[in-house]
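The structure appears below as structure tokens.
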There are 2 protein chains.
Amino acid sequence: MTESAVLTSTAPADACSHTGTVARFFRALADPTRLRLLEFILRGERTSADCIEHAGISQPRVSVHLSCLIDCGYVTARRDGKKLHYSVGDPRVTELVVLARALAADNAAALDCCPRIGQD
Amino acid sequence: MTESAVLTSTAPADACSHTGTVARFFRALADPTRLRLLEFILRGERTSADCIEHAGISQPRVSVHLSCLIDCGYVTARRDGKKLHYSVGDPRVTELVVLARALAADNAAALDCCPRIGQD
DNA sequence: CCATACTATGCGGATAGGCGAATAGATCTG
DNA sequence: CAGATCTATTCGCCTATCCGCATAGTATGG
């Protein structure tokens with residue numbers, strides 16, 4: 001994607017996605033680094049530099065993770081001068097994360113021991 | 001785990017999980033087969049045989065997926081005679097899936113094209 | 001108790017996806 | 001335009017995790 005690229009993806013709002021699509025949606029949050037980034041951006045608009053510092057990984061890696069979060073609809077980007085600013089527009093994203101955190105917290109012990117899912 | 005194994009994991013309900021735990025929680029739903037199984041069980045209590053037929057994979061694989069869903073707190077198991085019956089107890093699981101489906105649907109086009117997440 | 005039916009685990013192979021490093025591309029400022 | 005700066009892509013490597021097949025373990029019911 002080039003030019004004044006579509007910063008915020010304007011998808012046509014389908015009625016209902018098939019399971020594979022939803023699984024892919026969840027997969028975006030299945031990586032600790034990406035989830036950490038999302039929660040960071042959730043607490044306020046951030047620049048790439050903010051994200052790079054917060055994530056503690058290389059700029060190219062952060063770029064990929066942010067692209068992924070954008071494609072999946074969690075985050076939108078806005079250009080201000082030379083820099084891009086990332087934020088979460090849809091309040092349902094917060095709902096989703098809060099709900100998941102609550103559920104995960106209620107079962108943290110078993111979750112951390114699940115041998116079917118590797119330790120991070 | 002042996003004996004009259006802990007069918008429903010009785011975790012001690014922590015206040016807040018660290019990011020890695022929540023990511024692991026999401027990872028359980030990041031696999032299409034597991035998500036499909038969860039949504040199947042969500043629509044009513046199921047036996048292993050039901051799940052094997054519905055998922056279309058081998059019994060050992062289904063066993064692993066169900067164990068994963070149980071460990072992560074999505075599903076509970078109940079023994080009735082020789083068979084185990086699987087169901088979803090916590091209504092927040094339904095909330096989570098519905099919310100994710102809505103968000104995924106609103107961005108299905110971009111989601112399905114995200115090159116950072118492989119096609120299923 | 002023992003046989004049977006149900007459920008879980010181990011193994012090897014294949015693929016997805018994360019990482020750093022190097023590089024390419026795009027956009028703003030002057 | 002041109003240089004500087006910010007962002008994205010490519011590459012090779014490595015680990016995680018999926019699968020089927022074979023096998024082991026457990027609980028029930030006689």
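Below, all heavy atoms of this structure are taken into account, side chains as well, without hydrogens, waters or symmetry copies.
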I'd like to know whether A:V62 forms a side-chain contact (heavy atoms from CB on, under 4.5 Å) with A:S48, so could you lay out the CA-CA distance, the side-chain angles of the two residues, the decisive distance to 0.1 Å, and finally the verdict. CA-CA 8 Å; A:V62 171; A:S48 289; 5.6 Å; no
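Interface residues of residues 23-53 of chain B facing DNA chain D, ordered by number: B:R27, B:D31, B:T33, B:R34; criterion, heavy-atom separation under 4.0 Å. Residues from residues 58-68 of chain A that place a heavy atom under 4.0 Å from any atom of DNA chain D, listed by number: A:Q59, A:P60, A:S63, A:V64.
In this structure, B:R78 fails the cation-pi test against B:Y86, since its NZ or CZ atom is not both closer than 6.0 Å to the six-membered ring centre and inside 45 degrees of the ring normal.
A:R36 contributes no side-chain N or O that, together with a main-chain N or O of A:A55, makes up a donor-acceptor pair within less than 3.5 Å. No donor-acceptor distance shorter than 3.5 angstrom exists from the side chain of A:S63 to the backbone of A:Q59, with no hydrogens or angles considered. Without hydrogens or angle criteria, B:R79 side chain to B:K82 main chain gives a donor-acceptor distance under 3.5 Å.
Phosphate proximity of C:dT9 to A:R116: present, with a side-chain N or O under 4.0 Å from OP1 or OP2.
The line from CG of A:D80 to NZ of A:K83 is 9.5 Å long, rounded to the nearest 0.5 Å. Rounding to the nearest 0.5 Å places CZ of A:R34 at 8.0 Å from CG of A:L29.
Taking a cutoff of 4.0 Å between a charged side-chain nitrogen and a carboxylate oxygen, B:R92 and A:D106 qualify as a salt bridge. Ion pairing between a basic and an acidic side chain is recognised when a charged N comes within 4.0 Å of a carboxylate O; B:E53 and B:R46 show no such pairing.
Note on the helix from C:dC1-D:dG30 to C:dG30-D:dC1: angle between the axes of the first and last five pairs equals 50°, rounded to 10 degrees.
Atom P of nucleotide D:dT17 and atom CD1 of B:I57 are separated by 16 Å, given to the nearest angstrom. Distance, A:D80 CG to D:dT7 P: 11 Å, rounded to whole Å. Between the P atom of C:dC28 and the CG atom of A:L84 lies a distance of 9 Å, rounded to the nearest Å. Rounded to an integer number of Å, the gap from A:K82 NZ to D:dC6 C1' is 8 Å. We find that CD1 of A:I70 is positioned 11 Å from P of D:dT9, with the value rounded to whole Å.
Nearest to the side-chain atoms of A:Y86 among the listed nucleotides C:dG20, D:dA27, D:dT7 stands D:dT7.
Here the rule is side chain to side chain contact (heavy atoms under 4.5 Å, CB included) with B:F25, and of A:L103, A:I117, A:N107 only A:L103 fits it.
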